[in-house]
Amino acid sequence: MYAIIKYKKYGLMRFLSAIETSNAIERNIRRAHLPFTLTKGFHQKMKISYLDPMPTGVINLALYVRIELQQIIDKAMQKLRETSVNGLYPEKIWWTDLNPNRIVTGYEFKILVPQDCVDLSKYDPEMVLQVTEKSKSGLISDFFENIKFDFQGKFVVIRYLQRRDRLIRSRYLYEPILTRKDCLILVQCTEAFCNDRKLSELLEESAWAIEC
């Protein structure tokens, strides 16, 4: 049977690499004494899978982990929280056969930038981006969808969606409108989407047991 655990990765933990993050999560599962299943063969590993890793520094509020367990146990969420490290918080667990990697199509992001660091008049939806690390190019709208600008206190809030096959770093969106480079910028991955549905909604519908 399978469980899907939703973690929140924030604080200093957001600077961990994808491998370091997976190691921290697997240690959390071992310390919580969840009855996980191992792969067969000489070098056995925990049967666990992750969605796409977020770039280092991104606050990930939608870190979904799928793990195969031998049985359902009581108070699994409580045990995970008691053994988790600060900045890697187990928020919810669903007992379900749903496989996120087969249905997730994209992610929702939010960027917070101080108002005195940006000039929104510089935003050009027709700008052509050259994504050097992936040898790709295209319009902003080819990579960032449903872009919305809002204001929250002293911050400009930029919200957008990205498809899994078009994931690029958020800096390609906010750097062209910056007026300064010495400001604090926070990037959050807020949710995983399955077409127009939130993954969390589908998990709520499919799970036979849920722990918060």
Side-chain angles (χ1 to χ4, degrees), residues 1-110 162 164 167 186-212:
M1 66 183 57
Y2 295 91
I4 295 176
I5 307 167
K6 181 182 181 182
Y7 281 89
K8 288 184 175 182
K9 179 184 172 185
Y10 54 91
L12 293 177
M13 293 296 288
R14 65 191 172 100
F15 295 108
L16 292 184
S17 67
I19 293 177
E20 290 169 333
T21 300
S22 63
N23 288 340
I25 289 173
E26 290 175 29
R27 282 196 297 270
N28 181 208
I29 292 168
R30 291 178 186 275
R31 288 170 179 166
H33 298 294
L34 299 193
F36 56 85
T37 303
L38 293 171
T39 59
K40 297 180 180 179
F42 179 75
H43 185 55
Q44 294 183 323
K45 297 181 179 180
M46 189 183 296
K47 285 190 175 181
I48 190 170
S49 62
Y50 305 85
L51 288 177
D52 305 274
M54 294 296 123
T56 303
V58 172
I59 298 168
N60 195 350
L61 305 180
L63 205 175
Y64 290 92
V65 178
R66 184 176 190 251
I67 181 169
E68 183 175 331
L69 298 174
Q70 299 172 24
Q71 63 188 52
I72 292 179
I73 63 170
D74 293 332
K75 300 180 179 179
M77 181 53 60
Q78 178 182 328
K79 293 175 182 178
L80 286 168
R81 287 176 179 165
E82 288 174 350
T83 54
S84 64
V85 295
N86 188 33
L88 193 60
Y89 179 74
E91 181 185 25
K92 203 165 189 177
I93 185 170
W94 295 267
W95 300 90
T96 174
D97 288 326
L98 203 66
N99 188 340
N101 266 304
R102 293 182 179 176
I103 61 174
V104 167
T105 56
Y107 301 92
E108 179 185 62
F109 290 87
K110 181 170 72 172
Q162 277 192 301
R164 291 184 79 177
L167 282 173
L186 294 177
V187 183
Q188 299 178 354
C189 175
T190 55
E191 183 58 283
F193 270 78
C194 309
N195 295 318
D196 59 346
R197 297 286 306 279
K198 293 180 179 181
L199 175 57
S200 57
E201 294 176 350
L202 296 179
L203 290 172
E204 294 286 329
E205 296 172 0
S206 68
W208 59 77
I210 302 171
E211 290 184 56
C212 299

Margin query: Could you walk me through whether Leu63 and Leu88 satisfy the side-chain contact (heavy atoms from CB on, under 4.5 Å) test, starting with their C-alpha distance in whole Å, then the side-chain angles of each, then the deciding distance to 0.1 Å, before giving a yes or no?
Written below: CA-CA 10 Å; Leu63 205 175; Leu88 193 60; 4.3 Å; yes

Note to self: Let's go through Ile5 and Leu80 carefully: what are the C-alpha distance in whole Å and the side-chain angles of both, what is the deciding distance for side-chain contact (heavy atoms from CB on, under 4.5 Å) to 0.1 Å, and is it a yes or a no?
What the structure shows: CA-CA 10 Å; Ile5 307 167; Leu80 286 168; 3.8 Å; yes

Notebook entry, point to check: Within the distance-only criterion (no hydrogens, no angle test), does the side chain of Thr190 pair as donor or acceptor with the backbone N or O of Ala62 below 3.5 angstrom?
Noted result: no

Check: Roughly how far, to the nearest 0.5 Å, is the CD atom of Gln188 from the NZ atom of Lys8?
Finding: 9.5 Å

Next item on the list: Please round to the nearest 0.5 Å and tell me the distance separating atom CG of Leu202 and atom CG of Asn195.
Entry: 9.5 Å

Check: For Tyr89, does its backbone N or O pair with a side-chain atom of Ser84 as donor and acceptor, under 3.5 Å?
Finding: no

Margin query: Quick one: does any side-chain atom of Arg27 pair with a main-chain N or O of Ser22 as donor and acceptor, under 3.5 Å?
Written below: no

Checklist line | Value rounded to 0.5 Å, distance of OG1 in Thr37 from CE in Met1 | finding: 9.5 Å

Next item on the list: Could you tell me whether the side chain of Asn60 and the main chain of Arg14 form a donor-acceptor pair under 3.5 Å?
Entry: no

Notebook entry, point to check: How long is the gap from CD on Glu91 to SG on Cys212, to the nearest 0.5 Å?
Noted result: 8.0 Å

Notebook entry, point to check: If only atom types and distance count, is the side chain of Lys9 paired as donor or acceptor with the main-chain N or O of Thr21 below 3.5 Å?
Noted result: no

Checklist line | Where Glu211 and Lys92 come nearest, the two heavy atoms and their spacing | finding: O-CG, 3.3 Å

Checklist line | Closest contact, heavy atoms only, Ile48 versus Glu26 | finding: CG2-OE2, 3.6 Å

Note to self: In the structure I gave you, are the side-chain heavy atoms of Ile73 and Leu34 within less than 4.5 Å of one another anywhere?
What the structure shows: yes

Notebook entry, point to check: With a cut-off of 6.0 Å (strictly less than), are more than 12 heavy atoms of other residues, nucleotides or ligands near NZ of Lys198?
Noted result: no

Note to self: Does either side chain, that of Ser200 or that of Lys6, offer a donor lying less than 3.5 Å from an acceptor on the other one?
What the structure shows: no

Next item on the list: Quick one: do Leu51 and Leu199 satisfy side-chain contact (heavy atoms from CB on, under 4.5 Å)? Show the steps, please.
Entry: CA-CA 11 Å; Leu51 288 177; Leu199 175 57; 4.2 Å; yes

Check: Do you know the tightest heavy-atom contact between Ala207 and Thr96?
Finding: CA-CB, 3.9 Å

Notebook entry, point to check: For the residue pair Ile103 and Cys194, what are the closest heavy atoms and their distance?
Noted result: O-CB, 3.4 Å

Next item on the list: With rounding to the nearest 0.5 Å, note down the distance linking CZ in Arg66 to OH in Tyr64.
Entry: 15.0 Å

Note to self: I need the Leu98 CG to Tyr2 OH distance, nearest 0.5 Å.
What the structure shows: 12.0 Å

Check: Of the non-hydrogen atoms in Leu16 and Thr56, which two are nearest, and what is the gap between them?
Finding: O-OG1, 4.1 Å

Next item on the list: Please report the closest heavy-atom contact between Arg164 and Asp52, naming both atoms and the distance.
Entry: NE-OD2, 2.6 Å

